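Right, one structure below, let's go through it.
All values reported here derive from a predicted model rather than from experimental measurement. Heavy-atom basis, side chains included; hydrogens, waters and symmetry copies ignored.
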Amino acid sequence: MEIIGVIVAGIIIGLLGKFVAPGDRDNIPLWLTVLCGIGGVLIGYYVAAALGVEATSGIDWIRWVVSIIVAAVLVVIAAMVTGRGKARSV
């Protein structure tokens, strides 16, 4: 996969991962969302391959769904690590 393709897919997958992540995850910055998306794309492709998903000539829907799930998990982890998962009341 090309680097530009990974970045574009990372932006899209990161935003979708943020959307499907449970709870309020809107507090992490956009650059961290993009990094989670890029990680979701890269890790998702390897996880899908490990699960036996083969490349097709069309759109690999299963790989994209796995990538979105991985990105959602990464968004949740990023929100927990940065301490921005929930608004804290004083």
Worksheet item: Just wondering, more than 12 heavy atoms not from Leu15 lying within 6.0 Å of its CG?
Response: yes
Count I, L, V, M, F, W, Y as connected when their side-chain heavy atoms are under 4.5 Å apart, and connections chain through other members. Are [X] and [Y] then in the same cluster?
| X | Y | answer |
| --- | --- | --- |
| Ile4 | Tyr45 | yes |
| Tyr46 | Trp64 | no |
| Val65 | Val70 | no |

Separation of [Y] [atom2] from [X] [atom1] (nearest 0.5 Å):
| X | Y | atom1 | atom2 | answer |
| --- | --- | --- | --- | --- |
| Trp31 | Cys36 | CH2 | SG | 9.0 Å |
| Leu16 | Thr33 | CG | OG1 | 11.5 Å |
| Leu35 | Leu74 | CG | CG | 10.0 Å |
| Ile11 | Ile38 | CD1 | CD1 | 7.0 Å |

Response to the item:
Exactly one of Ile68, Ile13, Ile12 clears side-chain contact (heavy atoms from CB on, under 4.5 Å) with Val41, and that residue is Ile13
